[in-house]
Structures are given as structure tokens and as C-alpha cells.
2 protein chains.
Amino acid sequence: MRVLGVDPGLTRCGLGVVEGRRGGTLRMVAVDVVRTAPEVPLEQRLLAVSQRIEAWIAEHGPDAVAVERIFARSDVSTIMGTVQASGLALVAAARAGVEVGTHTPSEVKAAVCGNGRADKAQVTAMVTRILALDSPPRPADAADALAVGIAQIWRGGGQRRLDAAAGTGRPVGAGWDDAVAAQAPARQRAAERWAEAERRARQSTRRSR
Amino acid sequence: MRVLGVDPGLTRCGLGVVEGRRGGTLRMVAVDVVRTAPEVPLEQRLLAVSQRIEAWIAEHGPDAVAVERIFARSDVSTIMGTVQASGLALVAAARAGVEVGTHTPSEVKAAVCGNGRADKAQVTAMVTRILALDSPPRPADAADALAVGIAQIWRGGGQRRLDAAAGTGRPVGAGWDDAVAAQAPARQRAAERWAEAERRARQSTRRSR
DNA sequence: TCTCCCGACCTACCTG
DNA sequence: CAGGTAGGGTACTGCC
DNA sequence: GGCAGTACTTTGGCGC
DNA sequence: GCGCCAAATCGGGAGA
């Protein structure tokens, strides 16, 4: 299984391709960071990111694209570009017909470190070890992208419910799987549809780091 | 001059093509609203929006694409899809090599109604009148998209931010007679105001649109 | 080029 | 003329 | 299909 | 097993 992990960002967007099996040894295929200069018009920056992601998908032909979900507090301004970048990643994947998975920062940390509260350095270190790299991926964002990819392989794209972006309006609370049935209004007939959608529901936004 | 106005949204994304000259009579070329169902995976929804926008650009060959700028308050979740949609519009335009303009809701209202505080109904009414439509554009988002397009034609592209960054200082449109936006230097209290806005937004209940 | 630190919406309208 | 202030949205759910 | 109402962050960790 | 608590960011510019 090959996964393209994406750490969305406007100035720096991390891209990392990881290969391996669930529970097996993982191998880093490629890693890079897309940089766009502040003086360039926004649409150009986004376009650059978009094209780069599409190029990577075309080149590496991943089985899935994993995007780090966005977490935004009240500080909105900074996340916009990030969110847009994540959207581009999602569209690029959808356009290529590739499976999509999203992961929150906590999930990623928990996946690679075993602790959702893990320090950033910890994550980098673990990524380096897991992929048996000689040295830590240089721009920090690269490591994060790889971490997301790892999370995708180990935890699977089986994300829960809706995304933050959609403004779920329905805090599911604890049990995700159980909540699926509870949520559907016309659960009997639509159950199948919902299950399907839910299974594929690795959507949502991206997060920042 | 032909402009594609976009009112970004995930569930409903308004698209409106307006044609005319600055200060001249305007004509509506086309209008529509892209709808995507909540049960569809996010990436699919975004893809649908993206493709539709690209199709419209290809079909109508606008000279510019105008996008309504997003203002995010403390409520983040709802804007995500919106922001992503706007990003898609920007990229679609950039990809097609079309000029891009962004406009805040206030700008749009001011451009169309002469009053930045204009009611939504007012905007719809003015759009209907300006474009000499028999009836108001059906979904409200459609009217908004048209309004954005109108604003683009009448006020020109809003890329002051880009200008400042690029140092070109070259407003794309031809010179306009009206008052130019004067930058308010009052940045000192920004934090305070932000905190205030945030606090207010958190406590009070939101009104309907 | 990478690192570290700081700051965090944008406009229109009304009032003095 | 300058400064300060207030305002601005959306996606989901249920119902008509 | 359209209109109106409401809520608006999420998640892992730890304690109970 | 359930519930409550606490924490989480990124982009721009200057300096090494």
C-alpha cells in the first residue's frame, strides 16, 4: 500500500509518500515541501500547490491520500490558506479517483508515538525511526506529512463521521460507529447508503500544525 | 467585459456571469447554483464544485473571476467548506489564466446598493433591477454571485493585498474616479477589537443570515 | 536558506 | 479630516 | 424543492 | 466504561 501524506500549508506544504502494510515495516518513497512566496498572488500560490500535488499523485500513484485535518480555534486568519490548500489536496485526490483519508493532529501523534499529546520533536524522531531514515526529514513539515501517511496506513482511512469543515452540527461524542446508525433519519433504507458514505467519509478539512 | 461572480459555499455555490462595461448597462449572461448533498463525501462535493466552476470558465470565457471574500468569526467550522470552495474558484481562475478579484460582503453591498450595510433583500432587489431581470434570481446565493460579479465590473479587482506584497502597486482595472480605499493605520487596537469581537461572538446567539 | 519571534479581519459608516 | 465603532455567515435539520 | 430555525471544535488523557 | 478537562497554529519579516 502506498500513501501520499499531506501537511497542508500555504507557505510550506509537506508531501510525503510512504509504502508498507498495516502493522508491517514502512518505507519512505519520497518527501518534499512545496514552498510558495508571500509576494506571489494568492491564486498563483494555490495553483502551484495544486499542481504539485497532482503531479505527485500522477507520479507515485498512491492508493490513498492522507490529509491532516485542520483544527482552528478562534484564530481564523491564519488558517484560510491552509484550509484552501487542504481542499486542493482533497480535490486532487478525488479527481484522480484515489481514496482519501483525513486525520487530526492528535490522531497522527497517537498513531506514530502512541501518545496523542506527543511533542513535535517526538513525532519527528519516531517518523525517522519508523522509516529508518538516516536523518530527520529536513523541513519539519516534511516529517509531518510522512507522519500523516503513516497514520493512514496504520490506522486506516476509516475515519469517523462528518468533518469539521461541514460544520457537522452533530457532535457525535464518543462511539463513532454506533453513532452512525443513530444519526440517520431514515435509517433503515438509507442505512446502506449511510454506511457506504460513512465508510468513505474520510473527508473533512485539513488541520494545521 | 465579462465576469464570473462566485458566492462560495459547500452546499450551495452561486455562479453568475455578468457582462457590461464600467458605468454602463449590465447584462446577465447566466446564473446557477451548484448544490452538493451532505451525505456525499467531502472530496466529492468539492470536486463537483471545482468541475462546475471550471466548466463555466471554459464555457463563458470571462475576463475575470470575482469571488466573495470570507470573513471568519470565532465560528470556524462553518467556514471551512466555504473557504475551500473559494480556494477552488481561485485555482480554477488561475489555471485558466483569468484575472481574479476578491470582494468583501461590504464592498459588494456598497457597490450594488450604494450602502455597505444594505439588507440582503435590498441586494437581491438591486441586482434584479440592475440586470433588468423579470424576477429575482431564484436561490438567494445566485443573486449574491451576480452581485459579486457586478461589484467586480464596477469597482474593479480587489487585490490591494497582493499589490502591497508584490510592490507593483498597480491596480488592474483602469483608474477609477471614486474614492480609493484609504488604509486605516489603526492597527494598535487590533488585538483588543479582536478579543472583543470574539467575546461577543461567543456569548450572543447568531441571527439568521 | 533556515530559524526565531510576533501577531492575528476588512470595510463602511457615523461622529467629533 | 481622522478616529472610533459596528457589522458581517453557514450548514444541517425539520417542516411545509 | 424551498423556507425557516438553530448551533457554531475536536480529541486524547486521566480520573471517577 | 463514561465524563470532564485541557490543549492544539501558522504566516510574515528580520536576522544569522
Side-chain angles (χ1 to χ4, degrees), chain A residues 8-12 35-39 69-82 103-107 109-110 114-118 120 138-141 160 162-175 183 185 204-205 207-209, chain B residues 7-12 35-39 68-83 85 102-110 114-118 120 138-141 144 158 160-161 165 179 181-187 189-191 193-198 200-202 205-209:
Chain A
L10 188 57
T11 55
R12 298 171 313 230
R35 300 191 204 75
T36 67
E39 61 260 23
R69 196 184 286 179
I70 310 286
F71 183 63
R73 297 209 301 246
S74 39
D75 49 358
V76 189
S77 55
T78 56
I79 69 166
M80 306 227 255
T82 309
H103 310 270
T104 62
S106 299
E107 282 176 313
K109 289 174 186 168
N115 181 356
R117 183 179 83 45
K120 186 142 211 122
R138 271 314 302 145
D141 303 84
R160 338 54 194 112
L162 326 142
D163 60 55
T168 312
R170 270 282 299 89
V172 174
Q183 265 198 344
S204 91
T205 35
R207 78 94 188 191
S208 62
R209 64 174 282 36
Chain B
D7 178 30
L10 188 56
T11 55
R12 297 169 315 220
R35 300 193 206 76
T36 66
E39 67 255 25
E68 187 162 303
R69 195 179 291 177
I70 315 296
F71 171 65
R73 319 210 284 254
S74 45
D75 48 359
V76 188
S77 59
T78 57
I79 67 163
M80 308 260 244
T82 308
V83 171
T102 61
H103 309 269
T104 63
S106 298
E107 282 176 312
V108 174
K109 289 173 185 169
N115 181 356
R117 189 185 81 51
K120 196 133 205 158
R138 278 306 305 145
D141 304 82
D144 213 28
R160 62 190 67 58
R161 176 185 295 181
Q183 282 286 53
R187 186 147 303 208
R189 295 202 204 271
R193 277 162 56 183
W194 173 260
E196 172 67 20
E198 190 176 11
R200 227 187 317 133
R202 270 195 193 174
T205 330
R206 295 303 96 199
R207 289 201 286 297
S208 63
R209 65 159 83 165

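Labels below follow one simple rule: chain letters A, B, ... track the order of the sequence lines, proteins then strands, and each chain is numbered from 1.
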Nearest of E:dG12, D:dC12, D:dG9 to any side-chain atom of B:Pro38? D:dC12

What is the distance, to the nearest angstrom, from the NE2 atom on B:His103 to the C1' atom on C:dC9? 17 Å

Please state the P separation for the pair D:dC12 and E:dT10 - nearest whole angstrom. 13 Å

What nucleotide among F:dG12, D:dA11, E:dG2 has an atom nearest to a side-chain atom of B:Thr82? D:dA11

If the P atom of D:dG4 is compared with that of C:dA8, how far apart are they to the nearest Å? 16 Å

Please list, chain by chain and in numerical order, all residues satisfying side-chain hydrogen bond (donor to acceptor under 3.5 Å, both in side chains) with A:Thr11, sequence neighbours excluded. none

From CZ of B:Arg35 across to P of E:dC3 the rounded distance in Å is 11 Å

Non-hydrogen side-chain atoms of B:Thr102 and B:Glu68 separated by less than 4.5 Å: no

Take atom NZ of A:Lys109 and atom C1' of F:dA6, then tell me their distance rounded to the nearest Å. 13 Å

Per atom distances to the B:Glu107 side chain, the nearest of D:dC12, D:dA11, C:dA12 is C:dA12

Between A:Asp141 (CG) and C:dT1 (C1'), how many Å, whole number? 14 Å

Could you check how far CD of A:Glu39 sits from C1' of F:dG13, rounded to whole Å? 12 Å

side-chain contact (heavy atoms from CB on, under 4.5 Å) partners for B:Arg35, two or more places apart: B:Arg12, B:Val33

Counterpart residues, side-chain contact (heavy atoms from CB on, under 4.5 Å), relative to B:Thr104 (two or more places apart): B:Arg69, B:Ser106, B:Glu107

Please report the distance separating the C1' of C:dT11 from the corresponding atom of F:dT9, rounded so that it comes out in whole Å. 26 Å

Which heavy atom of B:Pro8 sits nearest a heavy atom of B:Ile70, and at what distance? CG-CD1, 4.3 Å

When you measure from the side chain of B:Arg138, which nucleotide among E:dC3, E:dT10, C:dC10 comes out closest? E:dC3

5' priority, DNA chain D, between B:Ser106 and B:Asp7 [closest heavy atom]: B:Ser106

Rounded distance in Å between the P positions of F:dG13 and C:dC9: 15 Å

Provide a list of protein-nucleic acid N or O atom pairs under 3.5 angstrom, restricted to nucleotides 13-16 of chain C.
from, atom 1, to, atom 2, distance (Å)
C:dC13, OP1, B:Asn115, OD1, 3.3
C:dC13, OP1, B:Gly116, N, 2.7

B:Thr36: partners by side-chain hydrogen bond (donor to acceptor under 3.5 Å, both in side chains), with sequence neighbours left out: B:Arg45

Out of curiosity, B:Met80 CE to A:Ile79 CD1, how far, rounded to the nearest 0.5 Å? 6.0 Å

Rounded to whole Å, how long is the line connecting atom CE of B:Met80 with atom C1' of D:dC12? 16 Å

Among the candidates C:dC2, F:dG11, E:dG12, find the nucleotide nearest to the side-chain atoms of A:Thr11. F:dG11

In whole Å, what separates the P atom of D:dG7 from that of C:dC5? 39 Å

Let me know the distance between CG of A:Leu10 and P of F:dG13, rounded to the nearest Å. 13 Å

Rounded to whole Å, please give me the gap between CZ in B:Arg12 and P in E:dG1. 14 Å

